[in-house]
Participant: 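Take a look at the following structure, please.
None of the values given here were measured: they were computed from a predicted structure. Chain letters run A, B, ... following the sequence lines, proteins first and then strands; every chain starts at 1.
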Amino acid sequence: MSTDLPPGIQRRRFDGRERLATRGEPVYGEPQDEEGWRAWDAGRSKLGAMLELELNLGFAGDDGVLYLGAASGTTVSHVADFAGPTYAVEFAPRPTRDLLAVADARPNLFPLLKDARAPETYAHVVEAGLEYVVQDVATRGQATVALRNRRFLAPDGRLVAAIKARSEDVLEDPDDVFSDVLDDLREGYAITDTRRLDRFHDDHLAVVAEPRADDGRS
Amino acid sequence: MSTDLPPGIQRRRFDGRERLATRGEPVYGEPQDEEGWRAWDAGRSKLGAMLELELNLGFAGDDGVLYLGAASGTTVSHVADFAGPTYAVEFAPRPTRDLLAVADARPNLFPLLKDARAPETYAHVVEAGLEYVVQDVATRGQATVALRNRRFLAPDGRLVAAIKARSEDVLEDPDDVFSDVLDDLREGYAITDTRRLDRFHDDHLAVVAEPRADDGRS
Amino acid sequence: MSGQNPGDSGWFRYGDPNDAESAATAITERTAEQPQNWPAEAVRAGFVEDEDEYYDALHDATVRATREAVQERETATEQQLQYTIAAMDDAERTANEIAERVVEWAGSLADSRSEGEGRAPDIPGGVDGARAVAAWTPETPAEERVVSLAERAVDLDAERAELRSFVESQAPAVAPNLAEMAGPVLAARLLSLAGGLESLAKKPAGTVQVLGAEDALFAHLRGRGSSPKHGVIFTHEHVRGTHPDNRGSAARALAGKLAIAARIDHYAGEFRQSVHDDLADRMATIRDREVGE
Amino acid sequence: MSGQNPGDSGWFRYGDPNDAESAATAITERTAEQPQNWPAEAVRAGFVEDEDEYYDALHDATVRATREAVQERETATEQQLQYTIAAMDDAERTANEIAERVVEWAGSLADSRSEGEGRAPDIPGGVDGARAVAAWTPETPAEERVVSLAERAVDLDAERAELRSFVESQAPAVAPNLAEMAGPVLAARLLSLAGGLESLAKKPAGTVQVLGAEDALFAHLRGRGSSPKHGVIFTHEHVRGTHPDNRGSAARALAGKLAIAARIDHYAGEFRQSVHDDLADRMATIRDREVGE
């Protein structure tokens, strides 16, 4: 049998295949069974891939989550299904239109058209002491984004980040890029786990980290 | 009594005053006596001033003359009155219009709208072996003009130049300017006489010179 | 770790959580350095009765604020595209006007220039002529002025090129399908002529076909551009590159798909390969007619 | 010392001394490094019978050549003045057009700029506005483009100023009395409108008074410049600075003296203080009327 999945996430059968699933309004035409569970496509979702690869993320079921890089809301729709208050930050207006449709049907999903590199533009909205910062931003300076958003995490909270090598540097070897990013992250985080997601997403690295206790400011 | 004047130039009385005069068509409203002698105004003419100051210029009466800087033809009209073939070079079109009127009535006066710094533009017109080059050009590089036009002089010909200090350098002391010009002239000329014309023309120096025998080319 | 920053206030302190408009404004415009336990504080300060009410208010406020912010960003981006293409046209027009004056003036000076042994070559027209004149080493004060003026024309043309690149980079963000189908510059022109993406999306294909017909008419009369019957879309390769007998059909087909592309861009905002494939099929049909004829 | 230069030929070898036109052309266009005893050579080579005949032919040829050269130089100088003022107007017009676009575009970007503690000040209109925008440090790609465009407007305005200086330096050489009386720029405009100094000198004062009335009319309709009844001379201080009741008299007086000034310039080509004193007397008389009223 597989590792225990967090509350709110199950393996269900869709068209003869067993897939991750959460329960909530369908968003992107994904299959949904009679009990309202909708398939979570690990090929479209970094977080879904992490769960398929059995990373131990520790979701409890009513966690407060800050999701950076929400895009059209594909992944964050599943997060809102199983988590507690979910703050979704996206920079580009076009995908945010879709994110708004996702948020309409989810009272615990709070969409924000903001720049994840400038947390002061939403620290008056997003509450402190969150259990998770989930990050999937295809921009340069992914470590900087994570460090600047550390301020929202509870001391025992976690960073769950999907790092994209090509966003940092299109030409460098991904291993070198990941190594640099991890070094930068260590300025404010203690890395607890890393895993290549290449089975689902080329040149991506999943990183799980905890905020460092020293120097409370991010 | 005064020094003997060259043939064709006399002192005559006009309105009770004795003045230099030549015989020919009036040009600029100058007084003319019954015998056709017209007053030569030394206040308007550098060459007239030289003659008033009794510079010994040596005109013989049928000399060939190249006159550089003929302007409206005031002075060159008198030269054509007493000399032989007189070539008049002027750069600016406006005064040359007046020079043409002067030349209309003087068959020995040949007007040319040319640049005295570029004698190659008229060496196909102006004959060689002239007795005089008379120069009154208010431009920078007056020595250069004289040197470049040496080619028209007979070996025993003469340069008669009125050097204007302010055309060379508006700020320098005129004596320094004249000194520099004379030094430059000595490249191709032997200076035989100089005289300040300040009684009639501020900061002007008359220079009489002979072409140097060495290095026939100018 | 959330530090204490006495200056930081939660969004609800700036806007009444029950007044949707001021709440949305507070979300959009305010800032804070450090987050706090906003739900607890909002209850404690009496803005809401309990945390459930807080989250309801937060949901309403963030959805509204984000919806307005999306519209404003998209309008601003569209508006920027219109400014850019208008500036590009200004730069092109002024570059040509100045170049025309330069070529005429320089022509009057060219004969007097010392060009070494040979005669000065003729100066080409337009900006190319200005480029040639700008390379002169001026020998007189008049030449200094005409060379300087020529440099102004060359600079304006360079600006035109930069602005064109900027249009090419911006148009897909505003209207991805339209930009792909018409090309970014023609897409930006259609948007300008229609007065925006929403307005363009609401126009029937027949109107899209003749958008810019007056401009095209004037350009045609000035000797640039083709017959004005079909508006600016006539400059598209699908029309220009079609046999004159079939240009009407090609223009109608293109206008029809452009209208659909604009609607997809306005209502869905995403790239859809299908409409481009459809257009390719239609054009292929029209082209086949030419081969058979 | 005249050296022997086998390549040099006298003027008479290029043109028939008896053909006035070809003789004049030889005088004007040919060259030689070293002079020779041209009179003797012309006789020896059989172009003339004796030196008297030579000098007669030389006189005819040089007078004709120089007369034609003077006309050509004066025409060329006049033509250069017309090019210069046309270029000045082009530079002014395009500077304003580009600046207008800059101010409008930059206005849409100004609000988003980080201006420190205070609100961004309003951008003035016209070239001053472009100057302000050109001083921005761009923070986005759109700002880079608008700042660059602003620099183009500023450069065009600088060109306008340089061209104006050039007109001011050239006009007195072309028409000294007209330039003194009308100012160099207005003088150049009158010459352009009339099609040259000869043409202007032949116009009656009444025509001079309304030269440029159509241009002035259009400028007036666009909000720049005064009533078009009096042509471009209306911009002259003598008219503009006179009480409206007396502007008609002032314009007639000015036009009359300008016409005379043009004639002096064309026929005599010299500065004559008298016509300027006359104008001053007429203007004083007209001004005295105002004081008495």
Side-chain angles (χ1 to χ4, degrees), chain C residues 72-73 75-109 111-112 140-167 169-170 173, chain D residues 72-73 75-109 111-112 140-167 169-170 173:
Chain C
E72 195 191 307
R73 277 276 288 279
T75 303
T77 310
E78 240 183 81
Q79 192 187 42
Q80 288 303 303
L81 186 65
Q82 292 196 26
Y83 282 129
T84 311
I85 192 134
M88 183 188 99
D89 287 343
D90 285 347
E92 178 164 13
R93 184 189 70 256
T94 55
N96 285 332
E97 287 171 2
I98 299 289
E100 211 174 298
R101 178 72 60 201
V102 164
V103 170
E104 191 189 22
W105 190 358
S108 77
L109 296 169
D111 291 338
S112 343
T140 67
E143 287 181 12
E144 278 178 41
R145 292 274 53 81
V146 80
V147 167
S148 189
L149 196 66
E151 287 165 356
R152 299 291 76 75
V154 170
D155 289 347
L156 281 165
D157 184 65
E159 201 61 46
R160 175 204 56 77
E162 295 266 10
L163 288 161
R164 188 184 181 100
S165 292
F166 197 46
V167 169
S169 74
Q170 276 188 305
Chain D
E72 195 192 308
R73 276 277 287 280
T75 303
T77 309
E78 244 184 79
Q79 192 188 41
Q80 288 302 303
L81 185 66
Q82 293 195 24
Y83 281 129
T84 310
I85 193 136
M88 184 188 99
D89 287 345
D90 285 348
E92 178 166 13
R93 184 189 71 256
T94 55
N96 286 332
E97 287 171 3
I98 299 290
E100 215 176 292
R101 178 72 60 202
V102 165
V103 170
E104 192 191 20
W105 189 358
S108 78
L109 296 169
D111 292 338
S112 343
T140 68
E143 286 179 15
E144 276 176 42
R145 292 273 54 80
V146 77
V147 167
S148 189
L149 196 65
E151 287 164 358
R152 301 291 74 75
V154 171
D155 290 346
L156 281 166
D157 184 67
E159 201 60 46
R160 174 203 59 76
E162 295 268 8
L163 288 161
R164 188 184 180 100
S165 292
F166 197 46
V167 169
S169 74
Q170 278 189 308

Participant: Checking side-chain polar atoms at under 3.5 Å, does Thr84(D) have a donor or acceptor matched by the opposite partner on Gln170(D)?
Facilitator: yes
Participant: Are there residues of residues 101-108 of chain C that reach to under 4.5 Å of chain D by heavy atoms, and which ones?
Facilitator: Arg101(C), Glu104(C), Trp105(C), Ser108(C)
Participant: Which bit of Ser169(D) comes within less than 4.5 Å of chain C, counting heavy atoms only: side chain, backbone, both or neither?
Facilitator: neither
Participant: Roughly how far, to the nearest 0.5 Å, is CG of Asp157(D) from CZ of Arg152(D)?
Facilitator: 13.5 Å
Participant: Under a 4.5 Å heavy-atom cut-off, does chain C meet the side chain of Arg145(D), its backbone, both or neither?
Facilitator: both
Participant: Measuring from Glu92(C):CD to Leu163(C):CG, what's the distance to the nearest 0.5 Å?
Facilitator: 11.0 Å
Participant: Tell me, for Ile98(D) versus chain C, whether the close heavy atoms (under 4.5 Å) come from the side chain, the backbone, both or neither.
Facilitator: side chain
Participant: Evaluate the criterion side chain to side chain donor-acceptor pair (under 3.5 Å) for residue pair Glu162(C) and Ser148(D); output intermediate values, then yes/no.
Facilitator: CA-CA 10 Å; Glu162(C) 295 266 10; Ser148(D) 189; over 6 Å; no
Participant: Is there a side-chain contact between Leu109(C) and Gln80(D), using heavy atoms and a 4.5 Å cut-off?
Facilitator: yes
Participant: Which region of Glu159(D), side chain (C-beta onward) or backbone (N, CA, C, O), has a non-hydrogen atom less than 4.5 Å from a non-hydrogen atom of chain C, or is it both or neither?
Facilitator: side chain
Participant: Of the listed residues (Ala91(C), Ala76(C), Ala158(C), Ala142(C)), which shares the most heavy-atom pairs with chain D below a 4.5 Å separation?
Facilitator: Ala142(C)
Participant: Under the side-chain hydrogen bond (donor to acceptor under 3.5 Å, both in side chains) test, which residues partner Glu97(D), sequence neighbours left out?
Facilitator: Arg93(C)
Participant: Any non-hydrogen side-chain atom of Glu151(C) less than 4.5 Å from a side-chain atom of Val147(C)?
Facilitator: yes
